[in-house]
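Everything numeric here is computed off the predicted structure, so don't read it as measured data. So you know, we letter chains A, B, ... as the sequences are listed, proteins then strands, and number each from 1.
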Amino acid sequence: MQPCRLAASDLACRRGDRVLFRGLSFALAGGEALHIAGANGIGKSSLLRILAGLLRPWAGSVTRAGEVGLIDEHPALDPHLPLGQSLNFWQRIDGPTDNEAVLLGLGELLDVPVRYLSTGQRKRAALARLVGQAAPLWLLDEPLNGLDTAAIATVERLIAAHCAAGGIALIASHQPLAVPGLARIELGQFAA
Amino acid sequence: MSALPTLLRRDLALLIGGRRGGVVMPLLFFLSVAMLYPFGVGPDAPLLARTGGGVIWVAALLAAILPLDRLVAPDLEQGFFDQWALRGIAEEMVIAVRMLAHWLTFGPTLMLAALPAAALLGIEGATLRTVELGLLAGTPGLAAIGVMIAALTASLRGGAALAGLLLIPLAVPLLVFGAGSLATGGESGLALCAAISLALVAVTPFAGGAAIRAAREG
């Protein structure tokens, strides 16, 4: 895995008229995992979009080295296409990989159009896309939403394996996560 | 750059096969306008032949509006543009590919459909040639305006209705010179129409890309 780094310094985020958080700083090197916890609406998703470079921070700066893989509420899979074809599109862009769909228990769903999949199945499909991307920087926004206990264990295993291989994982979630060496930041402490 | 053929293949599959109508809807729409026009103005053959070219142009413009609401908005909603941005695929490139795919799905088919439409309206010979050349020169411009407007209105509520309204004034120069070349019979109208098309095709990727990024910040 290519060397990666993710650091935020004195980050602040404003949505509309409200400043959601300010003064947030951290630095992650390869192999580290960080859990961003906090109540709904505290700015976890905005923070991830800022870290991914999709949103400009109100103040502060982000340093990033390495490609970003992002999971959020949008699976970015064509709703009317069978799951296999939707995932194939990303595979053609990201380059061929092993059958990550089977790894996530999606093997039997490849012929089902994405719009018929449940929330949890869609989340697993997005995770399959993420694994196929092979990006060293993982930004996961509520990756456990809608997942059953077996799938949650799989995700925790995937994150642990990713970090063991030298990748960075940053997880925004209100749910607890069992990943070895997981650091934790309460975003509520930085609320403005 | 290896993503380019993949993007084009997906765009074409979505526009032709997938959601709502595909290539057939603009085609049927175009032909039915050409068919209804003689009923509207009556069976006056010289009048039909004189005004028919303009009707073909207006029908082409309206047919190009049909797929506007599914050109950009669904991909923005479903997070495709975010994922492309993370992979270093520029919005400008996606929009340029989208423009090509949009033109491929309605430009050539309209040029073909103009043949039966011209027969219905009694247009022949040199006039038909001018109509076809005009469509060849003007439809890329129509495709460009369509994609630009679709990108600008993608994040707006009720964007689809607004898109049709915005497209029409922007298409006026194309119509003036494209349909105008029929009245004057000169090549200069066609040349100006092609020039406007080229300018629109050149500007659209940048305008569309900026619109997508602005929508993301919103």
Original post:
Between A:Arg92 and B:Arg10, does a side-chain contact (heavy atoms from CB on, under 4.5 Å) hold up when you go through it step by step?
Top reply: CA-CA 11 Å; A:Arg92 277 197 294 273; B:Arg10 170 173 177 272; over 6 Å; no
Subject >> Test side-chain contact (heavy atoms from CB on, under 4.5 Å) applied to B:Leu7 and A:Phe89, step by step >> reply: CA-CA 8 Å; B:Leu7 287 176; A:Phe89 168 74; 3.9 Å; yes
**OP:** Apply the test side-chain contact (heavy atoms from CB on, under 4.5 Å) to residues B:Glu217 and A:Arg56: give CA-CA distance (whole Å), side-chain angles for both, the deciding distance (0.1 Å), then the verdict.
**Re:** CA-CA 7 Å; B:Glu217 290 280 333; A:Arg56 260 196 303 265; 3.8 Å; yes
**OP:** Would you please test B:Gln83 and A:Leu70 for side-chain contact (heavy atoms from CB on, under 4.5 Å) and show each step?
**Re:** CA-CA 7 Å; B:Gln83 294 293 335; A:Leu70 174 74; 4.3 Å; yes
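Closest approach of B:Leu86 and A:Glu67 over heavy atoms only: O-CG, 3.8 Å. Of all heavy-atom pairs between B:Ala85 and A:Leu54, the closest is CB-CD2, 4.0 Å. Between A:Ile93 and B:Trp84, the shortest heavy-atom contact is CD1-NE1, 3.8 Å.
Within the 4.5 angstrom heavy-atom criterion, no atom of A:Leu137 approaches chain B.
Contact annotation: the side chain of A:Asp94 approaches that of B:Arg87 to within less than 4.5 Å [non-hydrogen atoms, C-beta and beyond]. A 4.5 Å side-chain heavy-atom check between B:Gln78 and A:Pro79 finds at least one atom pair inside the cut-off.
A donor-acceptor distance shorter than 3.5 angstrom exists from the side chain of A:His74 to the backbone of B:Glu77, with no hydrogens or angles considered.
Around atom CZ of A:Arg115, more than 12 heavy atoms belonging to other residues, nucleotides or ligands sit under 6.0 Å away.
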